[in-house]
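Heads up, the thing below is written out as structure tokens.
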Amino acid sequence: MKILVTGGAGFIGSNFVRYMLARYPDVNVVNFDALTYAGNLENLQDLETDPRHVFVRGNIAAMEDVESLFRSHAFDAVVNFAAESHVDRSLHMGADVFIQTNVAGVQMLMDAVRMNGVGRFMQVSTDEVYGSLGEQGRFSESSPIQPNNPYAATKAAADLMVRAACRSHGLDAVITRCSNNFGPYQFPEKLIPLMIANAMEDKPLPVYGDGQHVRDWIFVTDHCAAIDCVLRNGKTGMIYNVGGDHDIPNLDVVRGILRCLGKPETLIRYVEDRPGHDRRYAIDASRIKRELGWKPVYDFEPALSRTVEWYVANRKWWERIRTGVYREYYEQLYRGRLESGEDGDAS
Ligand code: NAD
Ligand code: TYD
């Protein structure tokens, strides 16, 4: 089986490539990635000598790159991770590149899949397309699509284009909508790795608003297993929610990280909230559990400790990232916020 994995130099994509190659001796992966600020070939260093893994640099939204890719390889399936994935960037740096990659790029891939007779197209989507929950309830696959930030809106738009391609062209496509992932190789702009790295350097931990926003955390390997399961056994045209059954406030996550590292809660700073910040995400993943037999197997606390240990052992990996372009972005995003923030409660 030859799989095209797009965005495989990013966080979840690189974990997925490693997962598939370790699990299936008969799987070959072509990893197509533009190497944006979030793509990092160091994430794939241990696979460099594996003949079943071929890396191709290219942009899913550039027709010449995509055409040349499909001319050079015959794929059995395509799994699309490639995306601009950070909400704060979509708010502060403009939505253009999000529209290009997350919407136009997905359409470009689906057209290539159809024209080249590829078996199955899989779109890795997100629970953020559903918007925010109130105090009660969970997102099911039939919850309304109500994105509240540009990132989520582009992912929702792509989901609708996938639906349209299924209905109008008979494309064999499936969609997963997963909750917040954590684990090794996550870019240190996202909550968990950012807090780990800052705490390790005794820098302030910027918690947005009151820190009571709830996310449903899933260890990345559980997400990879769900994608594998849907890729193989999912029903054409179907959407599958994926979640970790562990929805907790951000402040609890941050405190858990500080506990793992033996660092004080005085490092916490409450900073200005993210505009349009979704209050609560919680996933009802009963469809994938019932119909495909998947369930998350990693408990949150041990998986979080394991993740913290990985960032401690791989300090050079994130230190290299936290220089240059990323640094400039970081400064711009948090300028004025940290200075005016309040001390965290040490109790
Ligand atoms: P990431 O930002 O770590 O990685 C994205 C990868 O895509 C990078 O390697 C980047 O170089 C590549 N890329 C970006 N634009 C590209 C383009 N135009 N052409 C080719 N490659 C391009 O993201 P991630 O956290 O690994 O997320 C992967 C996918 O999973 C995304 O589609 C995201 O929406 C989805 N998702 C993420 C989460 C999460 O918690 N991280 C949860 C649910 C769904
Ligand atoms: P993030 O990792 O950006 O994922 P998403 O926005 O896709 O859920 O953020 C997770 C939560 O953590 C979200 O509620 C925003 C919050 N957050 C902070 O409080 N401080 C930060 O510095 C970051 C990056 C996120």
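Numbering starts at 1 and runs along the sequence shown. Atom set for the values below is all heavy atoms of this structure, side chains included, hydrogens, waters and symmetry mates excluded. Predicted, not measured: the structure shown is a model, and the values here were computed from it. We count ligands from 1, going down the list as the structure has it; atoms in each ligand are counted the same way.
Of all the atoms in ligand 1, the ones that sit under 4.0 Å from a non-hydrogen atom of A82 are 7 (O), 20 (C), 21 (N), 22 (C). Within ligand 2, the atoms closer than 4.0 Å to a non-hydrogen atom of H86 are 3 (O), numbered from 1 in the order shown. Which parts of ligand 2 touch K190 is read off a 4.0 Å heavy-atom cut-off, strictly below it: atoms 2 (O). Close approach to L35 involves these atoms of ligand 1, each under 4.0 Å from a residue heavy atom: 11 (O). Within ligand 2, the atoms closer than 4.0 Å to a non-hydrogen atom of N250 are 11 (C), 12 (O), 13 (C), 14 (O), 16 (C), numbered from 1 in the order shown. Interface of S125 with ligand 1, defined as ligand atoms under 4.0 Å from a residue heavy atom, comprises 43 (C), 44 (C). Close contacts between ligand 1 and A83 involve ligand atoms 5 (C), 7 (O), 14 (C), 31 (C), 32 (O) [criterion: under 4.0 Å to a heavy atom].
Of the options H277, R274, H213, the smallest heavy-atom separation from atom 14 (O) of ligand 2 is shown by H277.
The pair K235-E291 fails the salt-bridge criterion, with no side-chain N (NZ, NE, NH1 or NH2) lying under 4.0 Å from an Asp/Glu carboxylate O. The existence of a salt bridge linking D159 and R163 is excluded, since no basic side-chain nitrogen approaches an acidic carboxylate oxygen closer than 4.0 Å.
Using modelled atom types, one finds a donor on one side chain and an acceptor on the other under 3.5 Å when comparing D172 with T236.
For ligand 1, the polar-atom distance check against F32 finds no nitrogen or oxygen pair separated by under 3.5 Å.
Here the options are T126, V124, V106, the test is side-chain contact (heavy atoms from CB on, under 4.5 Å), and the partner is K155; only T126 passes.
Below 30°, between 30° and 60°, or above 60°: for H277 and Y208 the angle between ring planes is above 60°, a perpendicular geometry.
Ranking the protein heavy atoms by distance from atom 2 (O) of ligand 1 puts S85 OG, 2.6 Å first.
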